[in-house]
Amino acid sequence: DPRRAPNERDLIMAMTDAEGDGMMDYFDQAFLKNWAGPEHWKLRKVVRKPEATDNAAPKPRKEKKEAFKIDFLTPAEKDLKTRAKELFAPVTRGAGINLPGTSGTKGGTSTRKGSRGKRAKEKEEKKDEHTLPDDMHFSSRQLITLFLKPEFSLRMRGQHMSLNDRGDGDVDENFWAQAA
Amino acid sequence: MPARTLSSLEEISSSIPKIFDQAQVSTANHQKNYVALYKLHLEASKHTEPINKGRTVKHVGQKAFEDVVVEMTSRLLPLKKGTTVADRIVKFIGGYVRFMNEKVLEERKKNGGDADEYDDTPASRFASRMLKFLLKGFLAKDKNVRYRVVQILAEVVSHMGELDEDLYTQIRESLLDRLRDKEPFVRVQAVIGLAKLYGTEDPADLEDGEPPVVEVLLDTLAHDPSGDVRRAVLVNVHINQATLSYILARSRDTDAIIRKLFYTLLESNCVPPDDSNGLGITDPRVLSIAQRELIVRNGLGDREPSVRSAAAKLIVTWLEVVGEKMEGDEPAKEVIAFLRLFDLAETGIAEDALRSVFASRVDIFDNVEFGDQYWADLTPEKAFLARVFVDHCISTKDDARLESALPVVTLLAFRIQSTYNDLMEQIQDDEEQKFLRGEDHEDDEERARKEDERMDKEFVIGEMLRLAVNLDYADEIGRRKMFQLVRDMISQETLPESLLSRCLDVLRKLSPNERDLIRLVVEVVHELRDPEMEEKEASAGDDGETTYAETPMTVRTVRAAPKPPSEMTPEEKAQADAIDLRCLALCIGMLERVNGTFEENSTLEGILGELIIPAVKRKELALREKGLVSLGLCCLIARRMALNSFQLFLSQVQSAPELLKIRVLQIIFDILMVHDRDFLGNEGVAGDRIIEFLLQIWGNEESEKVQALMCVGIAKLMLSGMVTDERVLKSLVFAYVSPETAGNQELRQCLSYFFPVYCYSSPANQRRMQKIFIPIFEELSQVYKELDDDREMISPANVVAMFVDWTDPQKAVAVRGQAADDKIHFDMATEIVRTLYSKDMEKDEKKVLCQSLSKLYIPDVVDDDQIRTLKLLMHNLASRRPLKDTTANNALTRFDAAISKKFEKQLEDFDEEQYRELESLKELFEFLDDIIPESDEDEQDTPVPKKRATRKRRSQSVASTATAETTDREESATPSAENSRKGKGKKRARLSTETDTDSNATEEIPSRAMPARTARTKAKSKVAAQQADRDESTPEPPSRKRASKKAEEARLDEEIDGLLDGDEPDSIMDSDEDEEEEVGELLEAE
DNA sequence: CCCAGACAGCTACACATT
DNA sequence: AATGTGTAGCTGTCCGGT
C-alpha cells in the first residue's frame, strides 16, 4: 500500500512544521514564479549544482572593448545623395518592416491592395492585454486544510487519529495550541 | 560687411566634423560646441545668392552648413542601439536645436517679439531640413537606420518650439506608422517621439475618424507585445484623469519591470511637481477606494520581491502624504489618517498595507502607544490599528511590545460590553423609530448615516474580540468577566452574525477544554430555541468551568414542548426559522472549532436530532445548507455517522443548486480526507467507485466555481496520498491545460501550485507523472491539432517542457529516509524513444519529443540492461523508423552521442546478438522485431536508403555512436535480418494492428483503448471527464433517477428518515467491527 | 529556386547579491 | 566593488512557401 509509505504525508507535514520553513523556501524559489497558469509557464533551471567543478580558469579576461569612435573626419567617399539612397534603401519586396498582423505601410510592405481576402478578421480578435490574471495566492494552506474546518490541517488530523487509536478520550493542551 | 568676417564655406564645412568628433566623446563639451556650431551656422548664413532678379535670396551658406551636418548625421545612422558615442551625437543634435531656438527667442525679445518670422530663421530652416531628411529613412530596410532616424527625430522634435503644420502632420503620420515597426526598439523611439508631439495636439485639427495620439499610445500601452514599448509609453504618457485608468491596468502587466515602474511612478506623482498646494495627480486621496485597494492588493501581493518593495515604498509615501501636518497630538494620528484611506472591512487589504508600513518604517511601529486614553473612544481605525498591531507583534514574536500594548482583560471586556450595549440600544431605537414613524419617514441620508454608525460599532466590537483572543487570562476575575460577556452575547439572537465567529474564538480560548465549549454552545442553542428555559440555563452558565463540568445535561428532559409548527402563525414560523438559522450558525461555528469525537460529546446528540436533521430535511435553501454543513461537520468527528451519511451527501450533489452543491462537495471531500481509510483504503472497490463518481461529476460540471472546488479537493486527496489513481492525475493534467478551463483562474492556479508540489515532494509521485506522460502527450497533441481557432491552448512543446520539469529527479526534495529516484528521466528517455517508433505520430510531435531528450537528467549510474536497452532502441530506430525531420534527427543523434559517451565503458563490447539471449529482455526484442522498416510507398517525402541487410550486419557492435548523422545514412540501411526474412507481405497486416499498439506502450494504457476520435471530442468539451467517461463500469450517479421534484424530495426525506430511524441515534455512535464491509455495500446499493 | 520566417545556440549585458 | 546568474538580443541554420 503506497499510502502507508512514509513519504508524501510526511512531507506535507513537514511543510507545516516550524522546521519546515526551509522546505517551503525551496518550493518558493523553485516554482512559485509559475503561479499564473500554463500559458505563463516557464522552464526554470535546476538550482543547485554545488559540485566544485572547476575554477580559476574563467577569471583573467577583462579585455576592455575597443573604444569605438565614429569617423567624422575623413571625407565621405560618395556624395550625400548616394549615401542616403543606400542607407534609406527600402526593403526588398514583400518584406516585413512591420509587425505581422498589422496593416502594412504604404511604401514598404507586401500588403496587396485586396488582401482583405483570407486573413480579414485580424482586428476583430481580442488583442492580448499582456496582463497577468488575478493572483489567488494559492498556497499549501488550501491543500492541507479542510474546507469546512479551515483551522484544522492534515497534520492535526494525523495527531487526532493517533490519539484516538490509543483510546485516549481527551486531547492535550498542545492540541489546542496547534488549532489556533 | 567686412570681408574678413566672412569665412569661406569650405572653412566652415571643415570645422563642423571636428565639432562632431569632439561631441561623440563626452557630453561635457556639448555646451561649448553648441556655441561653436552656432557661430559657424551664423557665419554660413551670411553667404547668400540673389535669385529671382534679386527679389529673394538663396541661402547657399545655410544650405552648405545643413549639408555637412546632415552628412555627419548620416554616419551614425547604421550604428546599432547601445552605441554610446552615437547616442551622444543624438543628444548633441537635439541639444543644438534647443540651443538655436533659445537664441531665436532671445533675438525676438530684443526685437520686440515678432512672431511671424519663425519660419524664416536659420534655426527653423535647419530643423525642418533635418526632419525632412530623417523622415526619408523611416522605411529603410536596415532596422538600425530606422531606429536612429526615429530616435533623432524624437530628440529634435522635443526641443523645437514651433513646427510647420504640413511637416507636423507628416511626422505624426510617420511616427504612428513606426508604432507598428517589427523591431521593438524602433517602436520605443516612435512612442517617445509621439509623446513629445501629442502635448500640442489639438483635437480640432484631427480629421474624421482619426484617433488622437493619446488614444493610440494608450492602446499601445495595453497591447504592444514588447514590454520595452509598453514601458516607454508608461514613462512618457502624461498622467491625468483620462489616462489614469489605463495606467492602473499596468499593475498587472506580465513584465515585472513595468509593474515595478508603475509603483515608482505613482509614488513620484503623489506630490505635485511644483510645490503648489494642491494634491498630486496620484495622491491617494485623489484615487477612489477601489483604486487604492487595487494598488495595495496587487502591489503587496506581487510575486516579484522587487515589485513588492516598490509597492511598499509607495504605501509608506501614502502614509507620509496623508499624515502631513498631523504630527503633534497623538503619535498614531498619521497612521489613523492613513487607515482612513481604506475600507477596513474589506478583507485583508488595509491590514496588509499597515503591516507593510510596520515592516518598512519601524519607527512608526515603535512610536505607536496604547494608553488608557486610547481605548476610551475607539473608532474603527483605532480598533483596527490596535488589533493589527497585536497580531503583528505575535507574528514577529515581539513579546515586549505585545506586553505593553495589550489592555488588561477587564478593561477590554468593559469596552466591548459598553460598545455592544450601545449597538443594541441603537438597533432597538432604530426599530422603534421605524415602527413609530413608518418605513418611509426617514430620509435616505439619515438612514445611511445610522447604518454606517451601526456598522462602525459592529466593526469595533469585532476588532476588540479579535484582540481579546490574544489577551493574557491569568487573572481569573478578568477571565470570568470576559467569559460571561461573550457567553451572553452569543445567546442573544440580535447579535450581528459577523460577530458570532469572533465570539466563538474567544470562547474557545477561554474554555478549559473542547467538551466545555461544546456543552456551552449546546446550552445556548437550547436557550435560544426555548426562551422559557433561559433563566434556568443562565444561572447554570454563570460560572465557567467549575459548574459546567458537574452540571448534568438535563436540557432535553426539562425542555417544554414547543408549539407544533402547524399551530404557528406565519410570523411565528418565520421567527422560529430565523432562530433555527442562528442556532445552526452557532453549531457550525462551534463544530468548526472542535475536534473531539462525537461519541465523547453526548450533548451533541440532542441538537443533531432536534435541530440539524430537521434542517437537512427542510426545503428552504438556507436552512438546508446550514443543516447539511452541520451534519457534515458532525461526520468529521463521528466516523460511524460519516459512513452512514455519505450516501446522502453524494445523492445531493447532482441536483443541488450551485451554492448547495459547493457545500455538499466540501463536505464530501472533508469526509474523505478525515476518514480516508474507511472510504478509500483497503484497496476496496468502494474507493474506486467514489473516485469515478467524483471524476464524472467534475467532467460534467458547468459551474466554474464547482469545477475549481473539485479540483482543489481532488488535488488534496492526491497530495495526501489518499488517492493514487493515475486516471485522476491525468484528469488533473487535462483540466490544467484544457481550453475549457482557460478562464477558470482558481482551478488553474490551484493546479499550477499543485503539480510541482506533488511531483517534487515525492519520487513516487514523479514516477506516477512519468508514467502518464506519453499517453497525455499523445492525446493533448491531438486536441491541439484540432483546436478551434478562437480557443487558446499551450503547445505540445510546452506540455513536454512541463513534464520534463515536473519529473526532474534533481528537483525532488530529499525527504528523510527516502532514496531519490534519479532514473525517472532515464526511463522517460527510453519511453520517448519507443514512442518514436510509432508510425502514425506526426513529425512535429516526434520533433518535440526528440528535442526534449537533451533536457533530461541522465544519472551517472545506470544498470547495464537499462542502458543497453536505450542504446538498442536508438540504434534500431534509425534503421526501422528513421526520423524524417532533420532537427529531430539531430537532436536524437546528439542525445545518442551523449549517452554513448557517458556510458562508454558499459557499452563497449556490446553486441546485439549476444544481448538477445537475455531472457529479461524478451519483451524488448518482441517489440523491436515487430517493427518493420517503412516500405517505400510509405515514404512520401524522404527517400529511404535501400534495405538490404544481412544477419551479420545486424549483429555488429552497436556500441559506437552508430546513429551519427553521416554514417547513419548507410547504417540505416541495415534492418535486422529478422525483418528481411519475415518480409513485407506478412508484415503488412500487422502494421495496422499490433504493431501500432505495441509500439505505443508496454503496458495497457487506458487512453489508448479509446478511439482517438472519441478522445478528442471528449477532450474538447469535457476534458476532465475523460477518464471517467470512457470507463463503462462507471456507476450511475446515485440520484440518476430523474424524478420529478416532488418525488425527489420524498426520496430525500426517506433517506434522511432512514438515517434517523433505521439507525437509532445511539447506533450512529457505536463502532462495530464490520464497518469496512459496509462502505462497500454503501455504494453497491443503487 | 530563392527567400523569409522560425528556431536553437551563443554571447553580452544588466541585474542582484556578498 | 566584484562576482555570479539570468535574461535578452543576435546570428547562423534549416524548412516551407511562392
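All of these numbers come straight from a predicted model, not from anything done at the bench. All chains are named by letter (A, B, ...) in the order of the sequence lines, taking the proteins before the strands, and each is independently numbered beginning at 1.
Remark: the backbone N or O of T254(B) is not paired with any side-chain donor or acceptor of H130(A) at under 3.5 angstrom. Side chain of H40(A) to backbone of W35(A): no donor-acceptor contact under 3.5 angstrom is found. Put simply, the side chain of T317(B) gets close to the backbone of K313(B): a donor and an acceptor are under 3.5 Å apart. A donor-acceptor pair under 3.5 Å is absent between the side-chain atoms of T83(B) and the main chain of A86(B), judged by distance alone. Not one N or O on the side chain of Q851(B) forms a donor-acceptor pair closer than 3.5 Å with the backbone of A891(B). Within the 3.5 Å criterion, the main-chain N or O of S251(B) finds no donor-acceptor partner in the side chain of R259(B).
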Distances for protein N/O vs nucleotides 9-11 of chain C N/O pairs under 3.5 angstrom?
residue: dG9(C); atom: OP1; partner: R894(B); partner atom: NH1; Å: 2.8

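Computed from coordinates, the K855(B) NZ to dC7(C) P distance equals 12 Å when rounded to whole Å. Rounding to whole angstrom units, NZ of residue K80(B) and C1' of dC13(C) are separated by 12 Å. In this entry the distance linking NZ of K141(B) with P of dC3(C) reads 10 Å, nearest Å. Atom pair N98(A):CG and dG5(C):C1' shows a separation of 16 Å (rounding to whole Å applied). If you take CZ of R187(B) and P of dG9(D), they are 11 Å apart, rounded to a whole angstrom. D228(B) has its CG atom 9 Å from the P atom of dA8(D), to the nearest Å. Between D255(B) atom CG and dC15(C) atom P the separation is 12 Å, expressed in whole Å. Atoms CG (N889(B)) and P (dC14(D)) sit 13 Å apart, rounded to a whole Å.
In this structure, K785(B) pairs ionically with E842(B), as a charged nitrogen and a carboxylate oxygen lie closer than 4.0 Å.
Taking the side chain of Q851(B) as heavy atoms from C-beta on, and the options dG9(D), dT7(D), dC7(C), the nearest nucleotide is dC7(C). Checking dA8(C), dG16(D), dC10(D) against every side-chain atom of K843(B), the shortest atom distance belongs to dG16(D). In this structure, the nucleotide among dG9(D), dT7(D), dG5(C) sitting nearest to the side chain of K182(B) is dG5(C).
The nearest heavy atom of DNA chain D to L43(A) and to E183(B) marks one nucleotide each, and the one closer to the 5' end goes with L43(A).
Between the CG atom in L77(B) and the CD1 atom in I89(B) there is a gap of 12.0 Å [rounded to 0.5 Å].
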Enumerate donor-acceptor pairs with a distance under 3.5 Å from any side-chain N or O in residues 304-311 of chain B to protein atoms, sequence neighbours excluded.
residue: R308(B); atom: NE; partner: D302(B); partner atom: O; Å: 2.7
residue: R308(B); atom: NH2; partner: R303(B); partner atom: O; Å: 3.2
residue: S309(B); atom: OG; partner: S306(B); partner atom: O; Å: 3.0

The dot-bracket string of DNA chain D, counting Watson-Crick and G-U wobble pairs with both distances under 3.5 Å, using [ ] for crossing pairs and | for pairs to another strand, is ||||||||||||||.||.
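Residue K260(B) has a polar side-chain atom (N or O) positioned under 4.0 Å from OP1 or OP2 of dA16(C). For K81(B), no side-chain nitrogen or oxygen approaches OP1 or OP2 of dC13(C) to under 4.0 Å.
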